[in-house]
Number of protein chains: 2
Amino acid sequence: MTMPKERGTRRAGTHVTSVDVAALAGVSQAAVSRAFTPGAPIAAETRRRILDAARKLSYVPNSIASSLTTRRTNMFAVILGNMNNPFYVKLFKILLERLQSQGRQLLTFTVEPGANSDDALMRVLRYQVDGIILTSAQLSTRMTALCHDRGIPIVLLNRYIPGSDVSGVRCDNIGGGRLIAKAFLQAGARHFAVIKGDPRGSTSQDRLRGFAEQILEEGIARRNILELEGQSIYEGARLAVLRAFQGKGQPVPDAVFGINDTMAMGAMDALRGEMGLRVPEDVMVAGFDDIDEGAHWPYRLTTVRQPIEAMIDEALALLQPDAPGRPIEPGIDRTIPGELIWRDTIPRPKHG
Amino acid sequence: MTMPKERGTRRAGTHVTSVDVAALAGVSQAAVSRAFTPGAPIAAETRRRILDAARKLSYVPNSIASSLTTRRTNMFAVILGNMNNPFYVKLFKILLERLQSQGRQLLTFTVEPGANSDDALMRVLRYQVDGIILTSAQLSTRMTALCHDRGIPIVLLNRYIPGSDVSGVRCDNIGGGRLIAKAFLQAGARHFAVIKGDPRGSTSQDRLRGFAEQILEEGIARRNILELEGQSIYEGARLAVLRAFQGKGQPVPDAVFGINDTMAMGAMDALRGEMGLRVPEDVMVAGFDDIDEGAHWPYRLTTVRQPIEAMIDEALALLQPDAPGRPIEPGIDRTIPGELIWRDTIPRPKHG
DNA sequence: TTGAAAGCGCTAACAA
DNA sequence: TTGTTAGCGCTTTCAA
């Protein structure tokens with residue numbers, strides 16, 4: 001079945017391996033390996049000859065094969081939750097660019113929002129990735145234990161699993177929620193609606209919690225904060241607002257807080273488009289994340305900016321790509337503060 | 001250096017391999033391989049025992065190792081161009097979901113818009129992917145030849161390289177351009193602006209070409225079509241419009257055609273936001289792609305819908321994931337028609 | 001249906 | 001600095 005290999009021929013055949021290159025260059029196969037390994041002990045002249053031969057044969061080293069011995073694939077996995085939210089797309093984009101510039105590859109997976117990531121993780125394990133970035137939170141401790149056992153670091157991005165030993169990096173969501181509440185309060189709002197995302201997710205919970213705490217501290221009753229379910233997406237928020245306030249619904253509150261920008265934009269479109277209200281004159285609105293679209297002319301959304309770059313830097317540091325063998329420290333939870341971005345959906349405070 | 005392996009112990013150690021499972025189950029290592037290979041010749045009872053042992057040891061098969069012999073990694077590569085355009089994000093999302101549901105993995109790369117994909121392709125080759133999907137077009141024939149030589153199929157999505165032997169799937173961009181032109185014309189437009197994307201890309205060129213042809217056929221002079229450069233992005237289009245028409249600029253045309261929706265939206269925001277014009281009363285606008293955001297209340301953009309799902313189906317078919325060894329047919333170029341989506345940025349034709 | 005044995009393409013001791 | 005020699009964890013003949 002297997003044909004005799006035509007070594008040393010110029011024919012860029014189906015499978016050129018280091019053996020072929022070695023034959024053509026008149027060196028051992030190991031020398032070829034060294035020629036392609038930065039810092040390996042090899043004479044400059046030998047190296048040149050090998051690289052020459054390699055070029056002639058259009059040889060491309062097989063990373064898959066090498067990872068079998070080195071135990072490092074140079075591949076990282078990212079498991080994406082809600083790709084309908086531009087925030088996660090931006091996160092993914094920056095992550096991809098970072099990793100790529102470091103010469104690492106990214107194996108990508110999606111998981112339905114709210115669905116369990118275990119399946120994806122199982123597949124990831126088969127591919128021997130060097131690290132896992134999760135932006136979707138539902139996963140079993142059994143699974144994380146599996147990863148830890150084989151020394152594969154996991155880091156949660158913009159997520160947090162209470163009581164878990166999985167490390168994570170996130171924005172200070174509680175603080176961010178407070179920032180929005182303060183802005184609404186100084187503008188005179190007294191009745192609020194919050195459009196929640198995944199009610200089981202820490203992100204949504206924390207933002208709401210900070211928001212509510214700040215308002216309660218102002219002496220306003222909790223029942224003045226109406227909670228709506230927006231499923232983390234534009235359309236969910238739009239419909240939630242319509243269902244709650246349109247027609248003979250409840251009175252429209254003074255201020256609507258979208259737990260993320262996409263939902264805030266969905267709410268705005270319902271409020272202004274379908275219900276004919278003005279923002280911020282009739283209703284104030286605020287979001288969270290600071291996605292690019294929120295800054296566009298139709299919205300000019302006041303929001304909390306998540307420090308994406310810093311979060312990714314931290315996450316990659318937690319993945320400790322430099323110290324592969326190092327034991328994984330359990331449950332580091334890094335929190336980075338967000339920044340209030342004033343735009344036009346909340347009246348500005350008087351200057352000074 | 002290498003410790004003796006503790007075979008058969010329950011300890012889910014650092015590296016459980018099929019050998020460990022075999023030892024615990026009291027079978028040969030080959031049997032373990034068979035137990036995990038669908039359709040392999042193995043007794044049901046043996047299989048059960050092996051799976052049992054595997055579970056006890058939390059054994060996960062190493063796909064990397066197996067791909068060394070099978071010559072199939074089950075990984076596909078996608079090379080993404082402009083991730084700032086939601087259209088490509090949507091394309092990516094659907095592609096990812098499709099591949100994932102087929103049990104295939106996706107290795108993702110980005111390339112600066114307009115930059116050469118050769119670097120990314122080189123890395124892709126090292127990882128022995130089973131196929132490559134490109135949404136970014138600049139690549140050398142040398143590179144595609146390399147891929148073809150080693151039997152890795154490439155398919156261009158929403159791209160076309162004239163005279164190349166790389167297969168591709170795209171929307172009928174010329175026809176789509178004509179659809180927009182017809183819509184503008186029936187609404188009475190006589191002076192036009194087109195906001196182009198990458199001037200070297202076939203996509204932008206074809207849409208413009210179809211658009212212009214239709215208009216010329218109507219007897220309108222070519223000089224009535226002003227061409228602007230929007231770099232394929234929202235902000236580029238916004239600034240291009242401002243630069244051209246704001247203040248003492250040229251007179252605002254009757255109709256603006258954004259070569260893609262993002263740019264059309266950028267143009268709309270410039271026109272209405274900064275310049276205070278009304279759409280469609282003062283200027284008509286149209287886009288191309290039909291991204292979700294274009295349907296939202298502030299825009300209600302008339303556009304041409306790209307048949308994303310069909311395009312991806314075709315692309316995956318061209319990648320012939322079923323017939324790995326089959327020689328790659330050269331340069332198939334599939335074109336699927338787009339569909340005009342009437343919304344509110346061009347006055348509707350009178351009914352009947 | 002099973003096991004033994006020979007690789008897949010590469011890296012990493014070790015010796016020369 | 002080089003070549004030789006074992007593997008890495010798996011699949012796949014080939015015999016039994």
Side-chain angles (χ1 to χ4, degrees), chain A residues 1-5 7 13-23 25-50 54 57 59-74 125-128 130 150-151 324-325, chain B residues 1-5 7 13-23 25-50 54 57-74 125-128 130 150-151 324:
Chain A
M1 184 77 195
T2 39
M3 303 242 188
K5 252 188 213 120
R7 301 187 164 181
T14 331
H15 296 117
V16 185
T17 74
S18 55
V19 174
D20 302 312
V21 177
V27 295
S28 73
Q29 179 274 327
V32 178
S33 174
R34 292 193 187 104
F36 281 92
T37 308
I42 187 169
E45 160 60 12
T46 316
R47 195 184 135 88
R48 204 195 45 66
R49 259 200 0 260
I50 294 174
L57 301 174
Y59 167 71
V60 178
N62 183 335
S63 297
I64 294 294
S66 74
S67 69
L68 203 54
T69 2
T70 57
R71 315 197 140 291
R72 311 192 82 246
T73 53
N74 239 337
L125 282 181
R126 286 181 177 236
Y127 280 84
Q128 314 291 115
D130 295 342
R150 46 203 80 204
Chain B
M1 185 77 195
T2 40
M3 303 244 188
K5 248 185 220 126
R7 301 186 164 181
T14 331
H15 297 119
V16 186
T17 73
S18 55
V19 174
D20 302 310
V21 178
V27 295
S28 74
Q29 179 273 326
V32 178
S33 174
R34 293 195 185 101
F36 281 92
T37 308
I42 188 170
E45 159 61 10
T46 315
R47 196 184 135 89
R48 203 194 46 66
R49 265 205 349 268
I50 294 174
L57 300 174
S58 359
Y59 167 71
V60 178
N62 183 336
S63 297
I64 293 293
S66 74
S67 69
L68 203 54
T69 3
T70 57
R71 315 197 142 288
R72 312 192 81 245
T73 53
N74 238 338
L125 283 181
R126 286 181 176 235
Y127 279 84
Q128 315 290 117
D130 295 342
R150 48 203 78 205

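Because the structure is predicted, anything quoted here is derived from the model rather than measured. Every chain is numbered from 1, with letters handed out A, B, ... down the list of sequences.
Side-chain nitrogen and oxygen atoms of B/R71 include at least one within less than 4.0 Å of the OP1 or OP2 phosphate oxygen of C/dG9. Side-chain N/O atoms of A/Y127 include none lying less than 4.0 angstrom from OP1 or OP2 on D/dG9. OP1 or OP2 of D/dC10 lies within a sub-4.0 Å distance of a side-chain N or O belonging to B/S18. In terms of phosphate contacts, A/S28 brings a side-chain nitrogen or oxygen within less than 4.0 Å of OP1 or OP2 of D/dG3.
One can place CG of A/D20 at 11 Å from C1' of C/dG9, the figure rounded to the nearest angstrom. Distance, A/N74 CG to C/dT11 C1': 15 Å, rounded to whole Å. Between B/I50 atom CD1 and C/dG3 atom P there is a gap of 8 Å when expressed in whole angstrom units.
When the nucleotides D/dT12, D/dG3, D/dG9 are ranked by their closest atom to the side chain of A/V27, D/dG3 comes out on top. Nearest to the side-chain atoms of B/L68 among the listed nucleotides D/dG3, C/dC8, C/dG3 stands C/dC8. When each of D/dG3, D/dC10, D/dT11 is scored by its nearest atom to the side-chain atoms of B/T17, the top-ranked nucleotide is D/dC10. Minimum atom distance to the side chain of A/H15 is reached by C/dG9, of the listed C/dA5, C/dG9, C/dT11.
Across all strands, A/A31 comes closer than 4.0 Å only to sugar-phosphate atoms, never to a base (heavy-atom distances). Within the 4.0 angstrom heavy-atom criterion, base atoms lie near A/S33. Within 4.0 Å of A/F36, counting heavy atoms only, lies no atom of the nucleic acid at all.
Residues forming a side-chain contact (heavy atoms from CB on, under 4.5 Å) with B/A25 (at least two apart in sequence, or on another chain): B/V27, B/I50, B/A53. In this view, B/I64 and A/I64, A/S67, A/T73, A/M75, A/Y127, A/Q128, B/N62 satisfy the side-chain contact (heavy atoms from CB on, under 4.5 Å) rule, not counting sequence neighbours. Under the rule for a side chain to side chain donor-acceptor pair (under 3.5 Å), A/R126 has no partner lying at least two apart in sequence or in another chain.
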I'd like a table of atom pairs between the protein and nucleotides 14-16 of chain D - only N or O on both sides, under 3.5 Å - with the distance next to each one.
none

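Within residues 40-48 of chain B, no residue places a heavy atom under 4.0 Å from DNA chain D.
Between B/R34 and B/T46 the shortest side-chain heavy-atom distance does not fall below 4.5 Å.
If you find the closest nucleotide of DNA chain C to B/A65 and to B/G26, the one lying nearer the 5' end belongs to B/G26.
Note that the two end axes of the helix from C/dT1-D/dA16 to C/dA16-D/dT1 enclose an angle of 30°, each drawn from 5 base pairs, rounded to 10 degrees.
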